[in-house]
Amino acid sequence: MTPAETPAPERGTARLALRLLLMAAILILAMLPVLNQLPVDSALHVSDFIVSIGGKWITYAVLALAIDLAWGYAGILSLGHGAFFALGGYAMGMHLMRLIGTRGVYGHPVLPDFMVFLGYKELPWYWLGFEYFPYAMLMAMVVPGLLALIIGFLAFRSRITGVYLSIITQAMTYALMLAFFRNDMGFGGNNGFTDFKELLGMPLQTANARAVLYYASLALLLVSLLLCWRIAASKLGRVLVAIRDAESRVRFLGYDVTQHKLFVFVLSAMIAGLAGALYVPQVGIINPGEFSPGNSIEAVIWVAVGGRGSLIGAILGAFSVNALKTWLTTVAPDLWLFALGGLFVAVTLFLPRGLIGLFSREKRA
Amino acid sequence: MSGGAGNPILYLDGVSVVFDGFKALNDLSLIVEAGELRAIIGPNGAGKTTMMDVITGKTRPTAGTVRFREHDLTRLDEAAIATLGIGRKFQKPTMFDALTAFENLELACKAPRGPLACLRWVLSPATRRRIEGVAEEIGLTSRLGDRAGVLSHGQRQWLEIGMLLMQDPELLLVDEPVAGMTDQETEHTADLLRRIAGERSVVVVEHDLEFVRALGCKVTVLCEGAMLSEGSIDHVQNDPRVIEVYLGR
Ligand SMILES: Nc1ncnc2c1ncn2[C@@H]1O[C@H](COP(=O)(O)OP(=O)(O)OP(=O)(O)O)[C@@H](O)[C@H]1O
Ligand SMILES: [Mg+2]
């Protein structure tokens with residue numbers, strides 16, 4: 001093996017087995033909406049439920065990937081990535097609200113129902129432009145990216161790291177949750193946005209829309225994965241690992257650590273924002289609960305369970321923890337939080353490299 | 001003071017560093033000429049490492065002037081100082097354990113340091129040869145593919161010296177390079193540092209007086225944060241104040 005060929009966190013995995021598994025997984029994921037079209041009595045038929053939950057989990061996997069890029073590579077443990085996800089979701093939600101038009105309860109051509117109800121006379125300025133899909137998608141990246149830039153700049157420049165940074169990001173998502181709960185913010189208060197009708201001319205809640213959104217999410221996952229891989233395999237990836245393990249030493253080599261951390265943090269927030277934007281039309285609702293600090297922590301646990309520092313591991317973690325959650329919340333809903341906590345402790349103690357570690361023999365880099 | 005007519009590259013004047021009322025550096029002045037090789041000796045706790053911390057921006061002096069060429073180092077951060085051309089090897093070898101020896105050398109290699117430049121970075125054949133050349137110099141050719149974390153203490157010393165060479169700085173600050181090295185390696189290090197000096201300025205901190213003698217350069221003795229004596233190794237070894245400090249312990 002030539003040196004400098006593989007990024008440190010993924011070196012030593014039993015690559016072939018992993019590659020085959022990965023290809024099989026992608027193939028199965030890509031087939032789900034097709035199998036959904038089969039007649040219901042066919043043995044291979046996949047239910048609507050599976051397709052819609054699959055699409056949702058894929059957006060979670062993108063969020064996990066974003067977190068892993070920041071945490072697994074650069075060592076930035078953000079406990080506020082749920083906020084970036086939710087902001088992207090709100091950007092999409094605003095677009096979907098604008099598309100409802102006269103089909104709302106009040107039938108107002110411009111104002112969403114909640115604004116009519118609250119006595120708004122015209123759209124607040126920050127709602128302008130959201131009727132255009134490309135603009136809304138742009139905002140789903142720009143707003144989380146900008147927030148990450150500001151928080152990151154203040155924190156990284158002051159060399160706030162570790163648990164202090166985690167607390168700041170938790171505070172950020174909590175503050176946003178409280179803000180979005182307020183009716184006078186113009187984002188629908190605690191009800192948020194729902195009752196969406198269509199997107200890009202497709203009526204939602206149809207098999208067709210489900211499949212399109214599903215494939216859009218899968219495409220986002222693959223593109224984000226390729227981008228993260230590209231970063232991980234570059235010298236930038238090695239600088240990030242170096243920052244993660246010995247931040248101050250990197251400075252003495254002349255690297256501006258703040259710049260590098262900002263770069264990944266902002267990129268990571270933008271990826272999370274896009275994931276949130278695709279999540280919202282699939283679940284049909286966005287409300288301030290998405291900002292709750294617990295969501296961000298849960299997403300970090302996906303990554304820890306799957307394997308921090310492994311991009312595939314992060315995705316694996318998002319799927320497996322959510323599968324467990326879906327199953328457990330139907331059979332024993334009260335147990336979920338205990339199970340999540342227990343899982344985190346168990347993984348930390350017995351599988352420090354996460355599920356992905358099962359595929360590799362070498363000790364952790 | 002040293003003769004004034006030269007071409008000083010590093011200039012410390014009246015530098016003091018106070019930690020909780022304790023003076024780690026006490027009105028220290030030091031001038032290093034361009035191309036000079038300088039050895040710094042002194043008992044434990046004399047402030048040698050603290051002096052390097054001040055030059056590289058890790059520690060801000062409580063008082064005094066620190067200049068590198070025309071730049072005021074007290075106003076710059078570590079990365080900016082390193083970019084000016086000051087490289088450092090730490091007393092306790094510090095590198096990136098999760099990366100291979102090759103990757104450590106590659107990261108140190110003088111090149112644009114921004115995130116996008118690093119993303120676009122392509123290892124050119126010339127750079128690869130340079131890394132391999134340095135690896136040969138530091139005797140790590142066969143270990144290039146191994147993670148730095150598994151190297152022995154002596155190899156880590158060498159790897160960090162290699163990183164310093166890759167950085168290609170104008171001024172090298174080398175803190176206790178031969179701790180953990182065999183006699184032969186120590187000799188090799190002295191040889192290497194003598195070769196580097198001339199084109200570059202090198203400041204070496206070391207306790208090993210045999211090694212310092214092999215460097216054959218001007219020696220500065222630090223004690224309690226201030227300069228005690230300066231001159232050739234024979235001069236300082238015969239200086240009664242130096243003898244007192246070393247024997248009085
Ligand atoms: N960050 C710090 N806070 C408090 N005291 C410090 C700090 N750094 C160094 N000191 C103290 O300053 C004094 C000088 O330390 P320094 O490491 O510069 O000595 P040195 O000459 O390099 O010694 P050695 O030969 O043991 O490496 C020591 O007494 C040390 O305890
Ligand atoms: Mg020291």
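These values consider heavy atoms only, across backbone and side chains, with no hydrogens, waters or symmetry-generated copies. Letters A, B, ... mirror the listed sequences (proteins, then strands); counts begin at 1.
Neither the backbone nor the side chain of A/V264 comes within less than 4.5 Å of any heavy atom of chain B. Neither the backbone nor the side chain of B/D146 comes within contact range of chain A, judged by heavy atoms closer than 4.5 Å. Contacts of B/A117 with chain A are absent, with no heavy-atom separation under 4.5 Å from either backbone or side chain. Proximity to chain A (any heavy atom under 4.5 Å) is shown, for B/L164, by neither the backbone nor the side chain. With a 4.5 Å cut-off on non-hydrogen atoms, B/M166 does not touch chain A at all.
Annotation: B/R75, atom CZ; neighbour count of heavy atoms from other residues, nucleotides and ligands within 6.0 Å does not exceed 12. Crowding of B/E136 atom CD: a count of heavy atoms from other residues, nucleotides or ligands under 6.0 Å not exceeding 12. A/F153 CZ: 12 or fewer foreign heavy atoms inside a 6.0 Å radius. For B/R130, the CZ atom is densely surrounded, since the number of other residues' heavy atoms within 6.0 Å is greater than 12.
Of the charged side-chain nitrogens involved, none lies within less than 4.0 Å of a carboxylate oxygen, so that B/E106 and A/K235 do not count as a salt-bridged pair.
In this structure, A/Q259 and B/G114 approach most closely via the heavy-atom pair OE1-CA, 3.9 Å. When all heavy atoms of B/A98 and A/D245 are compared, the closest pair comes out as CB-OD2, 3.4 Å.
Taking CZ from A/R238 and CZ from B/F102, the interatomic distance works out to 8.5 Å, rounded to the nearest 0.5 Å.
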- Start with the C-alpha distance between A/S234 and B/R120, add both sets of side-chain angles, then the distance that settles side-chain contact (heavy atoms from CB on, under 4.5 Å), and finish with yes or no. CA-CA 7 Å; A/S234 73; B/R120 283 194 298 258; over 6 Å; no
(Q) The test is salt bridge (charged side-chain N to carboxylate O under 4.0 Å, His left out); show your working for A/R249 and B/E78 and say whether it passes. (A) CA-CA 9 Å; A/R249 186 67 180 91; B/E78 302 95 314; over 6 Å; no
Task: Residue pair B/D77, A/R251: steps toward the side-chain contact (heavy atoms from CB on, under 4.5 Å) verdict - done: CA-CA 9 Å; B/D77 70 4; A/R251 289 202 178 90; 5.8 Å; no
| request: List the steps and the verdict of side-chain contact (heavy atoms from CB on, under 4.5 Å) for A/V239 and B/W121. | output: CA-CA 12 Å; A/V239 173; B/W121 163 263; over 6 Å; no
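Side-chain N or O atoms of A/Y255 include one that pairs as donor or acceptor with a backbone N or O of B/L107 at under 3.5 Å.
Among B/T83, B/L119, B/V122, the residue making the largest number of heavy-atom pairs under 4.5 Å with chain A is B/L119.
A side-chain contact (heavy atoms from CB on, under 4.5 Å) with A/F252 holds for exactly one of B/L173, B/T56, B/T94, B/I86; it is B/T56.
A/L253 places a side-chain heavy atom less than 4.5 Å from the side chain of B/M163.
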